Amino acid sequence: MRRGVRSPSTAGPRRVIPIAACAALGLCTLVIPGVLQGLSGAPQAQGAVAEDDLAEARRLAAAGRYEAAAAAYRRHLETHPASFEARFELGQVLLTNDRPAEAVEHLALAAQAAPNSADVLARLALALILTDRLAEAEQALLEARRADPSLASVRYNLARLYEGQQRHEEAFEEYLAFLSQAPADPRADTIRMRVAIFLENSGRMEDALAQYDAILDRDPNHLAALQSRADILYRRTRYDEALEIYQRVLQRTDDNWSAHANAGFIYRLRGDLEAATDHYLRATELNPQSISSHYFLGTIYADRGLDTDAMDRYRRVVAMEEDHPLVHYAIGKILVKQGDRDGARREFERHRAIQAAERARSRTASTMEEP
């Protein structure tokens, strides 16, 4: 699983996080009148007078005038310092206005007033993440998870935090929980891709295929899921199924070099050398550093008696990987046909030396294994 947790910016103009974008990322939701009543574990308002005092701050916040709203909330707190609502809403306004360090102060006080509110703890955790206080953020998220295990945003942000710390197993478990709680979330397909990659890396290919299938059930043309599914089938030698998917991928985008390379390999196994040649040529056009594509294209040319073209491809392989385990033998065979026995002998000797070195490395590795 991948990538770090976003750190707060340290230079440049202040960047405002739009509320719509903030909510879409599962980071925060600005609370305005009436919403606090839905927060689990939150203290209730202390009468109508306090609510009237908050009206101006809430109106400004709802209008997107965050600086003015923050000032109004502070004025209210001067006369109502114990107001949970004002403290919590001010923390969210500051968070939305990209002032996480200030938000931490107010959200921490709100969390003290509502220690069992998963919503408050989750927003405090976000502010802590954005100020790079990751250990405290993790603790807040864990407390939020204990308070409400079903809050999807907590599982998502906890997974992202673990992912940024390379704690892959823990991130994987949190992502699975997020997917079970919010399968239709706009981020679900992206998370399923991450989960599937983790499963692949863990050798759980059938589970990975199930994740790709879930993505394709929602979006049959999801190219990354199609490609990844085909790659698993290819590695498991289920070539007919893999080729059908590679063809679907290439119908939608012709600039996918690995799909061309793998399709070329399958066509070569089928004996369709013309189709294999076309795909390998396209693969090497898109990725001139694809050693395997150059090598297999060389073998096709050699099988068709196009020795000059084959040698050109083999020489490209040697230029990129001098100790390629197969190419020197292939070059030697062509040199024998051309009557260059000394050159062929050198290539065959080079091939044997590479093979011997590989066997020695294999023996060394096996002796180093624990009994």
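Bear in mind the structure is a predicted one, so any value in this text is a computation, not a measurement. Side chains included, hydrogens not; waters and symmetry mates left out as well; all remaining heavy atoms used. By convention here, the first residue in the shown sequence is residue 1.
Across every non-hydrogen atom of R133 and V104, the tightest pair is NH1-CG1, 3.5 Å. In plain terms, the two heavy atoms of P81 and E78 that are nearest each other are CD-O, 4.3 Å. Residues A103 and A127 share a closest heavy-atom pair of CB-CB, 4.3 Å. Across every non-hydrogen atom of R155 and P149, the tightest pair is NH1-O, 3.0 Å. Between V249 and L226, the shortest heavy-atom distance links the atoms CG2-CB, 3.8 Å. Nearest heavy-atom pair across A283 and S293 is CB-OG, 3.7 Å.
With respect to the salt-bridge test (charged N to carboxylate O, under 4.0 angstrom), the residues E138 and R167 qualify. A salt bridge links D185 with R187; the closest basic N to acidic carboxylate O contact falls under 4.0 Å. Using a cut-off of 4.0 Å between Lys/Arg side-chain N and Asp/Glu carboxylate O, D309 and R313 are scored as not salt-bridged. The pair E285-R282 counts as a salt bridge, with a side-chain nitrogen and a carboxylate oxygen less than 4.0 angstrom apart. A salt bridge is absent between R352 and E347; no separation between the charged side-chain nitrogens and carboxylate oxygens falls under 4.0 Å. Salt bridge present: E174 and R145 bring a charged side-chain N and a carboxylate O closer than 4.0 Å. Ion pairing between E241 and R236 fails under the 4.0 Å rule for side-chain N and carboxylate O. A salt bridge links R194 and E163; the closest N-O separation between the charged side-chain nitrogens and carboxylate oxygens is under 4.0 Å.
Ring to ring, F172 and Y162 are not that close: their centroids are 6.0 angstrom or more apart. Aromatic ring centres of F348 and H328: separated by at least 6.0 Å. Annotation: H260 is in aromatic contact with H279 [ring centroid separation under 6.0 Å].
Side-chain contact between F265 and Y280 is present, with heavy atoms from C-beta onward closer than 4.5 Å. Counting heavy atoms from C-beta outward, L141 and L121 have side chains that stay 4.5 Å or more apart. In this structure the side chain of F178 never reaches within 4.5 angstrom of the side chain of R160, judged on heavy atoms. Looking at heavy atoms from C-beta onward, Y66 lies out of side-chain contact with L94 at the 4.5 angstrom threshold. Put simply, the side chain of E67 does not reach to within 4.5 Å of the side chain of L60, judged on heavy atoms. In this structure, R346 and L335 have side chains that are not in contact, with every pair of non-hydrogen atoms separated by 4.5 Å or more. Side-chain contact between I191 and D189 is absent, with no heavy-atom pair separated by less than 4.5 Å. In this structure, the side chains of Q227 and S258 come closer than 4.5 Å at one or more pairs of heavy atoms.
Donor-acceptor pairing under 3.5 Å is lacking for the side chains of D207 and Q211. Side chains of Q251 and Q247: a donor-acceptor N/O pair is absent below 3.5 angstrom, by distance only. Between the side chains of Q166 and H168, a donor-acceptor pair is found at a separation under 3.5 Å. Judged by distance alone, the side chains of D307 and Y301 never bring a donor and an acceptor atom under 3.5 Å apart.
The distance from the CD1 atom of I291 to the OG1 atom of T284 is 13.0 Å, given to the nearest 0.5 Å. Atom CD1 in I300 sits 12.5 Å away from atom OH in Y267 (nearest 0.5 Å). Rounded to the nearest 0.5 Å, atoms CG (L77) and OG1 (T79) are 8.0 Å apart. To the nearest 0.5 angstrom, S228 atom OG is 3.5 Å from Y212 atom OH. We find the CG-CG distance between L128 and L161 to be 10.0 Å, quoted to the nearest 0.5 Å. D119 CG to N116 CG: the interatomic distance, rounded to the nearest 0.5 Å, is 12.0 Å.
Without hydrogens or angle criteria, Q355 side chain to P325 main chain gives a donor-acceptor distance under 3.5 Å.
Connection of L250 to L286 is not established within any shared hydrophobic cluster, with ILVMFWY side chains joined at heavy-atom distances below 4.5 Å, either directly or through further cluster members. The hydrophobic cluster containing L223 does not contain W257, counting ILVMFWY residues as joined when their side-chain heavy atoms lie under 4.5 angstrom apart, directly or transitively. The same ILVMFWY cluster, assembled from side-chain heavy atoms under 4.5 Å apart, contains both L269 and L273. Connection of M320 to M311 is established within a shared hydrophobic cluster, with ILVMFWY side chains joined at heavy-atom distances below 4.5 Å, either directly or through further cluster members. Hydrophobic clustering, with ILVMFWY side chains joined whenever heavy atoms are under 4.5 angstrom apart, groups I245 together with L216.
Annotation: E358, atom CD; neighbour count of heavy atoms from other residues, nucleotides and ligands within 6.0 Å is above 12. In this structure, R341 places its CZ atom where only 12 or fewer heavy-atom neighbours from other residues, nucleotides or ligands lie under 6.0 Å away. Within a 6.0 Å radius of CZ in R248, other residues, nucleotides and ligands contribute more than 12 heavy atoms.
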Output, in order, the C-alpha distance, side-chain angles, deciding distance and verdict of side chain to side chain contact (heavy atoms under 4.5 Å, CB included) for Y234 and I266.
CA-CA 9 Å; Y234 174 86; I266 297 170; 4.0 Å; yes
Tell me, with the steps shown, if R270 and Y239 meet side chain to side chain contact (heavy atoms under 4.5 Å, CB included).
CA-CA 10 Å; R270 288 182 169 186; Y239 293 130; over 6 Å; no
For a salt bridge (charged side-chain N to carboxylate O under 4.0 Å, His left out) check, start with the C-alpha distance between R74 and E102, then their side-chain angles and the critical distance, and finish with the verdict.
CA-CA 12 Å; R74 285 192 170 97; E102 296 175 66; 3.0 Å; yes
Would you please test R235 and M205 for side chain to side chain contact (heavy atoms under 4.5 Å, CB included) and show each step?
CA-CA 10 Å; R235 292 195 299 271; M205 297 304 175; 4.1 Å; yes
Using the side chain to side chain contact (heavy atoms under 4.5 Å, CB included) rule, take E56 and H76 through it: C-alpha gap first, then chi angles, then the decisive distance, then the call.
CA-CA 10 Å; E56 178 67 6; H76 177 79; over 6 Å; no
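A ring-ring contact (aromatic ring centres under 6.0 Å, His included) with H324 holds for exactly one of Y329, Y295, Y314; it is Y295.
Residues meeting the salt bridge (Lys or Arg N to Asp or Glu O under 4.0 Å) test with D213, sequence neighbours left out: R229.
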Identify all side-chain donor-acceptor contacts of residues 105-114 below 3.5 Å with residues at least two apart in sequence or on another chain.
from: H106; atom 1: ND1; to: R87; atom 2: NH1; distance (Å): 3.1

